[in-house]
Amino acid sequence: MQDQAYQVFAAQQANRGINLEDVKSKLKAFRVETPSWGYADQGTRFKTFKKAGVPRDPFEKLEDAAQVHRFTGICPSVALHIPWDKVEDYVALKTHAAALGLSIGAVNPNLFQEDEYMLGSVTNSNPSIRKKATDHLLECVEIAKTLGSNVLSLWFADGTNYPGQANIRRRVQWMHECLREMYAAMTPEMRMLIEYKFYEPAFYHTDLADWGMAFNMAGKLGPQAEVLVDTGHHAMGTNIEHIVAYLLGEKRLGGFHFNSRKYGDDDLIVGSINPYELFLIFYQILDAARDSDAGVRRTAENIAYMIDQSHNIEQKIPAMIRSVMNVQTQYAKALLVNHEEVKAAQDKQDVLAAENAVRSAFELNVTPLLSAVREEMGLSPDPMTAYLQSGYGEKILARGVGGASW
Ligand code: RM4
Ligand code: MN
Ligand code: MN
């Protein structure tokens, strides 16, 4: 049955002028990183519901992440948040990851948990608090070195709640000073990814509120600093794929945090709200991967794809698998855009044909394609069912209630 569906699909794609072998090899090479904190208990500002089976420490978070990789085959790295994932012995953590077939991905310094940071971390008017924040950033560079990670991913909760609360221009300078020190400590292989968000926890202004501010900060720091786009960090109605295209054109797009949002920074399962947006993001990236400028192509090929999600009410491992599958589905659809067809329509200034060339790829059913790719990778064609039937979800119940929060 599956084979027949695949044959029909393959014939259809040959007719559309798509090189399916190329599509399949890109799907096999695609990787997306999962976040350690997505396996922990998380909540809203009202309540964190405690679940049975939640990992109790970073070692167990990696064990859960290994399950996502085992069934999807495309998630071999895990992002850490420090100090949420602080351990005595990072070499032991790295060894544990390797034994599970994983590596440590982005190291995320956390500058929003301690009382001193209430009025800012790297932007605090108190120099000793800025020093403490900078020391933490430097500590994270060292941890990344020990873990063999080359990505430092920065998000700052810094901002103010009221007009006049602080000097906005001065705060940006302070942030720049701290980040300059961190940048100088990085090895030449390391990348600093700078994330922006327009509100929350601060409600009047955020020091890095949008892509332009992150872009400007990255530009001031140097070529190893790039912008990270978290899909949940924009005002309603923002055209995220436009931001993506612009950053690609400027060779400053470093990575993504994928998640879905309906209203705010909701951190819902990727692709659960607006899968078309995700598809259009991938369309822009794949278009840039064909650019005549080698630098743009290189940027498009070096994007760090990550999930940044929190699970308040759902089971965490299957929720992560669902997100990974949804990302893969939209990537697969975007790989089926016929760029020559789009280009021909653009050259003729045929608006309807151009829009149709893009949208029609989104409307294709890629299930036969993904099933075939997974089988060729030695995986179950249906990772979700395979996980649910594996017994892992039941086995971890023995951990009891009261695992790690965040
Ligand atoms: C923030 C931001 C960061 C993430 C934290 C947990 O809103 O998205 O990337 O590390 O949440
Ligand atoms: Mn994020
Ligand atoms: Mn967020």
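Each ligand, and each atom within it, is numbered from 1 in the order the structure gives.
If you look at E200 next to ligand 1, there are no close heavy atoms at all, none under 4.0 Å. Contacts between N110 and ligand 1 below 4.0 angstrom, taking non-hydrogen atoms only, are absent altogether.
Looking only at distances, no side-chain donor or acceptor of T299 sits under 3.5 Å from a matching main-chain atom of L253. A donor-acceptor distance shorter than 3.5 angstrom exists from the side chain of R252 to the backbone of A225, with no hydrogens or angles considered.
Within ligand 1, the atoms closer than 4.0 Å to a non-hydrogen atom of D230 are 8 (O), numbered from 1 in the order shown. Remark: ligand 1 atoms within the under-4.0 Å shell around heavy atoms of H257 are 9 (O). Shown in contact with H233 at under 4.0 Å from a heavy atom are these atoms of ligand 1, numbered in order with element: 2 (C), 7 (O), 8 (O).
Between E226 and K251 there is no salt bridge, since no side-chain N of the basic residue sits under 4.0 Å from a carboxylate O of the acidic one. Salt-bridge annotation for K316 and D41: present, with a side-chain N of the basic residue lying under 4.0 Å from a carboxylate O of the acidic one. Remark: E200 does not engage R45 in a salt bridge, criterion side-chain N to carboxylate O under 4.0 Å. Taking 4.0 Å as the cut-off between side-chain N and carboxylate O, K145 and E142 count as a salt-bridged pair.
One option in E195, Q309, H81 has a heavy atom closer to atom 2 (C) of ligand 1 than any other, and that option is E195. Scanning W155, Y196, W84, W37 for the heavy atom closest to atom 11 (O) of ligand 1 points to W155.
When the Mn ion (ligand 2) is compared with the N/O/S atoms of H257, atom ND1 turns out nearest. Restricting D230 to its N, O or S atoms, the one at the least distance from the Mn ion (ligand 2) is OD2. The nearest N/O/S atom of D308 to the Mn ion (ligand 2) is OD2. Restricting E195 to its N, O or S atoms, the one at the least distance from the Mn ion (ligand 2) is OE2.
In this structure, F156 falls outside the shell of residues with a heavy atom less than 4.0 angstrom from ligand 1.
Using a cut-off of 2.8 Å, one finds that D265 contributes an N/O/S atom close to the Mn ion (ligand 3). The Mn ion (ligand 3) has an N, O or S atom of H233 closer than 2.8 Å.
Within 6.0 Å of CZ on R170 lie more than 12 heavy atoms contributed by other residues, nucleotides or ligands. Crowding of M118 atom CE: a count of heavy atoms from other residues, nucleotides or ligands under 6.0 Å not exceeding 12.
Atom 4 (C) of ligand 1 has as its closest protein heavy atom D308 OD2, 3.4 Å.
Y162 and Y204 have their aromatic ring centers separated by at least 6.0 angstrom.
For the pair K61 and Y39, the NZ or CZ position fails the cation-pi test of under 6.0 Å to the six-membered ring centre and within 45 degrees of the ring normal.
Among the atoms of D267, none of the N or O lies under 3.5 angstrom from an N or O of ligand 1. Remark: ligand 1 and D265 share an N or O pair separated by less than 3.5 Å (distance only, no angle test).
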Subject >> Audit row: R359, E363, salt bridge (charged side-chain N to carboxylate O under 4.0 Å, His left out) steps and yes/no >> reply: CA-CA 7 Å; R359 184 196 15 82; E363 289 168 353; 3.3 Å; yes
